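Below, all heavy atoms of this structure are taken into account, side chains as well, without hydrogens, waters or symmetry copies. Just so it is clear, the structure is predicted and the values come from calculations on it, not from any experiment. Residue numbers start from 1 in every chain, and the chains themselves are labelled A, B, ... in the order their sequence lines are given, proteins ahead of strands.
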Amino acid sequence: MVKRKVLTVSTRKRVDVLDITESARLFVEEIGAEAGLLNVFVPHTTAGVILNEAEAGLLEDLKELLERLVPELHPYAHNKIDNNAHAHLRTILLGSSVVIPVEAGRLSLGTWQRILLIESDGPRSRHVILTYVGL
Amino acid sequence: MVKRKVLTVSTRKRVDVLDITESARLFVEEIGAEAGLLNVFVPHTTAGVILNEAEAGLLEDLKELLERLVPELHPYAHNKIDNNAHAHLRTILLGSSVVIPVEAGRLSLGTWQRILLIESDGPRSRHVILTYVGL
Amino acid sequence: MVKRKVLTVSTRKRVDVLDITESARLFVEEIGAEAGLLNVFVPHTTAGVILNEAEAGLLEDLKELLERLVPELHPYAHNKIDNNAHAHLRTILLGSSVVIPVEAGRLSLGTWQRILLIESDGPRSRHVILTYVGL
């Protein structure tokens, strides 16, 4: 069985984090997924997706880390084209998709794991492609 | 065919690396996997999984790199909740799963590629979920 | 349906970026992939694969970022074995595979997303394993 759903979400700030776990959870429940893998894919180059805890302090720490490793203000070559090189580079470090096991209609996420879309060049409308492959 | 196995492993130090390649290799052999994909998933937020060489010097270099990019001692906001923000952030940079091709009952790993669980907040008992989807 | 193809590509410089999107696009078209997932896997420890824009300035920015975060000249322990610790560490940060949704024979990539092999220890011949799982 292969099932697919495209979510449309709106980020609210230049740098933002959206917890999309509930949408993914509902999707695997609705399609009656018995056992397989869910791919959560962000078809953009300045927003990515990760798995981790959605605690407010930690998300501030993540933003600070990304600014420290990949500062917004820097003489990037790409900024002659479009003023968002830092957003591309941060997305490269974070990644554009995650793959999560599914069993008996439920995501096999750990207690603290949440699916987090990381916006680095918002606010914008963003797509997320959910693809399930399995039984 | 979808097959799943949950491994339980024990990390031995605060920061540790466990080579879990052999367990994954045995799993795809035991289930008679002919052709497909293996997902190796760590359902935790302070331990991740990568693919690379398991040479002792390189693993020391990796620990030093992570300490340099994401130092343990830093005024993280998350540390008001739990004193392990660095472990979450390192895990975000490394990732929580890898996906490996399988052919004729064997992982298609390169000569030097090993599946490495990276513990950033141990020692602890950790789970690893192996999920095979294919023929 | 599971289909697999191994590409052989040649990198041209010590640090290089190869856009392999077209090969992946042709593969999913040729096999008549209707709906599923494509795994693009690099079976090496000093070259990885990412998704992002292939704009020349951005690729220079990426090389500069990797040199800033993981400098080539540094007293790495692994360099007693082989003088390429930085290449291993950069590959760990970037990752060794990407997973892309496929629908109606087409990769569901965003407008600017390209599949980029990132060479950190070239020039060399490199393999890329394409694995499709789906209908």
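When all heavy atoms of A:Gly134 and B:Val2 are compared, the pair lying nearest together is CA-CG2, 4.0 Å.
Looking at B:Ile81, the atoms closer than 4.5 Å to chain A (heavy atoms on both sides) all sit in the side chain, from C-beta outward. Using a 4.5 Å cut-off between heavy atoms, B:Val6 does not touch chain A at all. At a 4.5 Å heavy-atom cutoff, the contact between A:Ile100 and chain B is made by backbone and side-chain atoms alike. Contacts between A:Val102 and chain B at a heavy-atom distance below 4.5 Å involve the backbone alone (N, CA, C, O). A:Leu51 touches chain B through backbone and side chain together, each having a heavy atom under 4.5 Å away. Using a 4.5 Å cut-off between heavy atoms, A:Arg114 does not touch chain B at all. In this structure, chain A has a heavy atom under 4.5 Å from the side chain of B:His74, while its backbone stays farther away. For a residue to count as touching a neighbouring chain, one of its non-hydrogen atoms must lie under 4.5 Å from one of that chain's; by this rule A:Gln113 touches chain B with backbone and side chain alike. If you measure heavy-atom distances from B:His44 to chain A, the contacts under 4.5 Å come from the backbone alone. Only the side chain of A:Glu64 comes within contact range of chain B, with heavy atoms under 4.5 Å apart.
When the candidates A:Ala56, A:Ser108, A:Gly36 are compared by the number of heavy-atom contacts under 4.5 Å with chain B, A:Ser108 comes out ahead. Chain A forms more heavy-atom pairs under 4.5 Å with one residue of B:His78, B:His127, B:Met1 than with any other, namely B:His78. Most heavy-atom pairs under 4.5 Å with chain B: of the set A:Asn52, A:Leu109, A:Leu59, A:Leu37, this distinction falls to A:Asn52.
Distance check: B:Asp82 CG to A:Glu53 CD gives 7.5 Å after rounding to the nearest 0.5 Å. Here the CD1-CD1 distance, from B:Ile92 to A:Ile50, works out to 4.0 Å after rounding to the nearest 0.5 Å. From A:Leu65, atom CG reaches atom CG of B:Leu89 across 5.5 Å, with rounding to the nearest 0.5 Å. Separation of atoms CG (B:Asn79) and CG (A:Leu58) is listed at 9.5 Å; rounding is to 0.5 Å.
Judged by distance alone, with hydrogens and angles left aside, the side-chain atoms of A:Arg68 form a donor-acceptor pair with the main-chain N or O of B:Leu69 at under 3.5 Å.
Between A:Pro101 and B:Asn39 there is a side-chain heavy-atom pair separated by less than 4.5 Å. Taking the side chain as every heavy atom from C-beta outward, A:Val99 and B:Phe41 never approach each other to under 4.5 Å. Put simply, the side chain of A:Leu62 does not reach to within 4.5 Å of the side chain of B:Tyr76, judged on heavy atoms.
Within 6.0 Å of NZ on B:Lys3 lie no more than 12 heavy atoms contributed by other residues, nucleotides or ligands. The number of heavy-atom neighbours closer than 6.0 Å to CD of A:Glu34, taken from other residues, nucleotides and ligands shown, is 12 or below.
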